[in-house]
Trainee: 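The structure is given below, and queries will be raised subsequently.
What's counted below: heavy atoms across the whole structure, side chains too, no hydrogens, waters or symmetry copies. From a predicted model like this one, the values you see are computed outputs, not experimental measurements. Residue numbering restarts at 1 for every chain, and letters A, B, ... go by the order of the sequence lines.
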Amino acid sequence: CTYNVLIDSLCKKEEPKVALSQFGSMIRKGIEPTIVTFNALIFALCNSRRWEEATQIIENMALYGISPNLVTFNTLLDARCKEGCTTEAIFLVEAMLDKGVFPDPVTYDSLICGLCHSRKLDEAKRLFDGMVSQNIFPHVRTLNIILNALSNEGMMKKAQVLFEAMLDHGREVNTITYNTLIKGYCRQGEMDKAKDVFDRMTMEGALPDTISFNTLVSGYINIYRIDVALKLLKDMIRKGLVPD
RNA sequence: GGUAUCUACUUUGU
């Protein structure tokens with residue numbers, strides 16, 4: 001465990017070289033590496049995009065009779081997503097299923113996030129719906145990522161439908177969820193709808209924060225309603241929020 | 001009972 005802690009910290013400090021050499025001395029001292037050791041190394045190698053070496057580590061694991069686990073796959077998969085290689089990432093999901101390792105919320109989050117960034121929104125949405133049907137509950141953040149992507153594409157109708165569906169199912173939403181929708185409507189210049197969402201917040205238990213106000217204010221200024229923007233600023237102060 | 005390894009959301013600016 002001491003070695004695992006050491007190696008992991010080195011990996012986080014982006015010192016894969018040092019980490020690998022510590023791994024070497026760990027082996028020489030006859031200390032058995034565990035799945036945690038390997039996962040930490042794979043993390044570091046993926047971060048520096050050294051895929052071949054990461055693959056070697058996995059082969060190495062097999063020699064110790066250790067198979068990749070959920071964390072291993074999630075690490076690989078997330079690195080691929082960050083590279084924009086969502087095809088490779090989906091391939092990894094198949095590989096994990098083959099090995100009887102089942103995707104968890106982290107797996108889905110990484111994938112959905114990666115797909116959104118690669119502007120493959122339909123696939124992201126399909127995955128999200130798939131999670132619900134498999135009783136893997138998406139985190140609020142995952143919902144927010146999709147809503148944000150839809151908003152950025154101006155697909156506010158879809159965003160709204162998804163949002164209402166989540167509320168209907170009693171799923172958690174938070175201030176950021178509302179802020180995301182407000183931003184989407186502001187971008188479209190649909191300030192009435194932005195304001196509707198804003199007004200619902202208090203009633204639905206997600207208190208507006210500074211970002212809610214900032215977003216709305218900038219939306220009104222964009223349509224030259226300086227008067228409304230200034231009034232909002234006053235409301236904001238009255239609610240004890242500090243304009244920044 | 002506690003300790004090691006994986007991802008992630010919104011405003012403005014950089």
Trainee: With sugar-phosphate meaning primed atoms plus P, OP1 and OP2, does A/Asp109 contact a base, only sugar-phosphate, or nothing at under 4.0 Å between heavy atoms?
Mentor: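 Contact class for A/Asp109: base.
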
Trainee: Just one of A/Thr175, A/Asn214, A/Asn179 clears the side-chain hydrogen bond (donor to acceptor under 3.5 Å, both in side chains) bar with A/Asp209, so which one?
Mentor: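 Single pass found, and it is A/Asn179.
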
Trainee: For the residue pair A/Gln56 and A/Glu52, confirm or rule out a side-chain donor-acceptor distance under 3.5 Å.
Mentor: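 Their side chains do not contain a donor-acceptor pair, so the 3.5 Å distance test is not met.
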
Trainee: Go through residues 182-221 of chain A and report each residue with a non-hydrogen atom lying under 4.0 Å from RNA chain B, sorted by number.
Mentor: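 By residue number: A/Lys183, A/Ile211, A/Asn214, A/Thr215.
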
Trainee: Does the gap between the ring centers of A/Tyr178 and A/Phe163 come in under 6.0 Å?
Mentor: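 Distance test on ring centres: under 6.0 Å, yes.
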
Trainee: Distance under 4.0 Å to a non-hydrogen atom of chain A counts as contact; along RNA chain B, which nucleotides mark the start and end?
Mentor: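 Listed 5' to 3', the contact boundaries are B/rA4 to B/rU11.
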
Trainee: Can you establish whether the number of heavy atoms outside A/Arg119 located under 6.0 Å from its atom CZ is more than 12?
Mentor: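 Atom CZ in A/Arg119 is not crowded, with 12 or fewer foreign heavy atoms closer than 6.0 Å.
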
Trainee: Give me the one residue out of A/Ile182, A/Asn148, A/Asn144 that meets side-chain contact (heavy atoms from CB on, under 4.5 Å) with A/Thr177.
Mentor: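 Output: one option passes, namely A/Asn144.
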
Trainee: Could you tell me whether the side chain of A/Ile211 reaches within less than 4.5 Å of the side chain of A/Lys183, counting heavy atoms only?
Mentor: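 The answer is no; the side chains never approach within 4.5 Å.
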
Trainee: Quick one: are the ring centres of A/Phe198 and A/Tyr185 less than 6.0 Å apart?
Mentor: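 Distance test on ring centres: not under 6.0 Å, no.
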
Trainee: Enumerate, in order of first residue number, the stems that involve RNA chain B, defined as 3 or more consecutive Watson-Crick or G-U wobble pairs with both distances under 3.5 Å.
Mentor: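 RNA chain B stems: none present.
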
Trainee: Students often get this wrong, so: under 4.0 angstrom with heavy atoms, is A/Asn4 touching a base, only sugar-phosphate, or nothing?
Mentor: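 Result for A/Asn4 = base.
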
Trainee: Is the number of heavy atoms from other residues, nucleotides or ligands within 6.0 Å of CZ (A/Arg50) greater than 12?
Mentor: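 Buried by this count: over 12 neighbours within 6.0 Å.
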
Trainee: Got a sec: does the CG of A/Asp192 have more than 12 other heavy atoms crowding it under 6.0 Å?
Mentor: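 No, CG of A/Asp192 has 12 or fewer neighbouring heavy atoms, counting only those of other groups under 6.0 Å.
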
Trainee: Using ring pair (Phe, Tyr, Trp, His ring centres under 6.0 Å), reason through A/Phe102 and A/Phe73 one step at a time and then give a plain yes or no.
Mentor: CA-CA 10 Å; A/Phe102 294 99; A/Phe73 280 110; over 10 Å; no

Trainee: Quick one: label A/Thr180 by what it contacts on the DNA or RNA (base, sugar-phosphate, nothing), any heavy atom closer than 4.0 Å.
Mentor: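 Sugar-phosphate, backbone atoms only, no base.
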
